[in-house]
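Note that the structure is predicted; figures quoted are calculated from it, not measured.
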Amino acid sequence: MGISRFSRPALDEAFAIGLNDIVLSVRPVVEGYTIDGAASKDLDDGINLIKSGDNYILQVSISDISSVIKIDSELFKTAMERIETKYLSSSNIPMVPRVLSENILSLLPDDLRPA
């Protein structure tokens with residue numbers, strides 16, 4: 001299996017994951033803007049600036065994969081082996097399958113996501 005490919009058990013786990021009300025209800029709703037580049041597909045970093053009186057509050061949001069990937073699962077083991085998404089000149093080698101990194105765990109406009 002090449003480094004860019006995932007094992008069948010890891011892919012099966014990834015496709016079985018969905019966001020549910022419990023995952024989303026334990027966190028406050030935060031609005032913001034992605035700071036990932038225009039060509040990025042995995043939008044996992046965001047910011048929001050709020051004026052509070054004479055002060056400003058900077059909120060930083062990072063996609064929370066730990067809310068849906070369980071410790072000791074095949075996905076967890078794979079992510080720990082890869083430890084990061086590797087960015088190449090024309091593509092990337094994701095830490096988790098794209099169905100997660102580019103969809104369920106991506107901070108997409110107008111969609112609630114765990115962060």
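Ser63 contributes a side-chain N or O that, together with a main-chain N or O of Leu105, makes up a donor-acceptor pair within less than 3.5 Å. Between the side chain of Arg113 and the backbone N or O of Ser106 there is at least one donor-acceptor pair closer than 3.5 Å. The backbone N or O of Val96 sits nowhere less than 3.5 Å from a side-chain atom of Arg82 that would complete a donor-acceptor pair. A donor-acceptor contact shorter than 3.5 Å is absent between the side chain of Ser91 and the backbone of Leu88.
Annotation: the span from Glu74 atom CD to Arg8 atom CZ amounts to 12.0 Å, rounded to 0.5 Å. How far CG of Asn92 is from CD of Glu84: 11.5 Å, rounded to the nearest 0.5 Å. In this structure, CG in Leu11 is found 9.0 Å from OG1 in Thr78, a value given to the nearest 0.5 Å. Note that CD1 of Ile65 is 9.5 Å distant from CD1 of Ile17, once rounded to the nearest 0.5 Å. Remark: Ile93 CD1 to Thr85 OG1 distance equals 9.5 Å, nearest 0.5 Å. Distance CE/Met80 to CG/Asp72: 10.5 Å, rounded to 0.5 Å.
Counting heavy atoms from C-beta on, the side chains of Leu75 and Val68 never come closer than 4.5 Å.
Here the closest heavy-atom approach between residue Ala14 and residue Val99 is recorded as CB-CG1, 3.7 Å.
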Run the side-chain donor-acceptor check on residues 48-56: report pairs under 3.5 Å with partners two or more places apart or on a different chain.
| unit_1 | atom_1 | unit_2 | atom_2 | d |
| --- | --- | --- | --- | --- |
| Asn48 | ND2 | Glu31 | O | 2.8 |
| Asn48 | ND2 | Gln59 | OE1 | 3.3 |
| Lys51 | NZ | Gly53 | O | 2.8 |

>> Working note: Ile62 + Asp45, criterion side-chain contact (heavy atoms from CB on, under 4.5 Å); need CA distance, chi angles, decisive distance, verdict.
In response: CA-CA 5 Å; Ile62 301 170; Asp45 304 301; 4.0 Å; yes

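Leu108 belongs to a hydrophobic cluster whose remaining members, ordered by chain and number, are Leu43; membership requires side-chain heavy atoms of ILVMFWY residues under 4.5 Å apart, directly or through intermediates.
Here salt bridge (Lys or Arg N to Asp or Glu O under 4.0 Å) pairs that include residues 33-44, with residues two or more places apart or in two chains, number zero.
Residues Ile57 and Val60 do not share a hydrophobic cluster, clusters being chains of Ile/Leu/Val/Met/Phe/Trp/Tyr side chains in contact below 4.5 Å. Using a 4.5 Å cut-off between side-chain heavy atoms of Ile, Leu, Val, Met, Phe, Trp and Tyr, with links allowed through other members, Ile104 and Phe15 fall into the same hydrophobic cluster.
By the 6.0 Å and 45° rule, Arg98 does not stack over the aromatic ring of Phe6.
For Tyr87, the OH atom sits in a packed shell: over 12 heavy atoms of surrounding residues, nucleotides or ligands are nearer than 6.0 Å.
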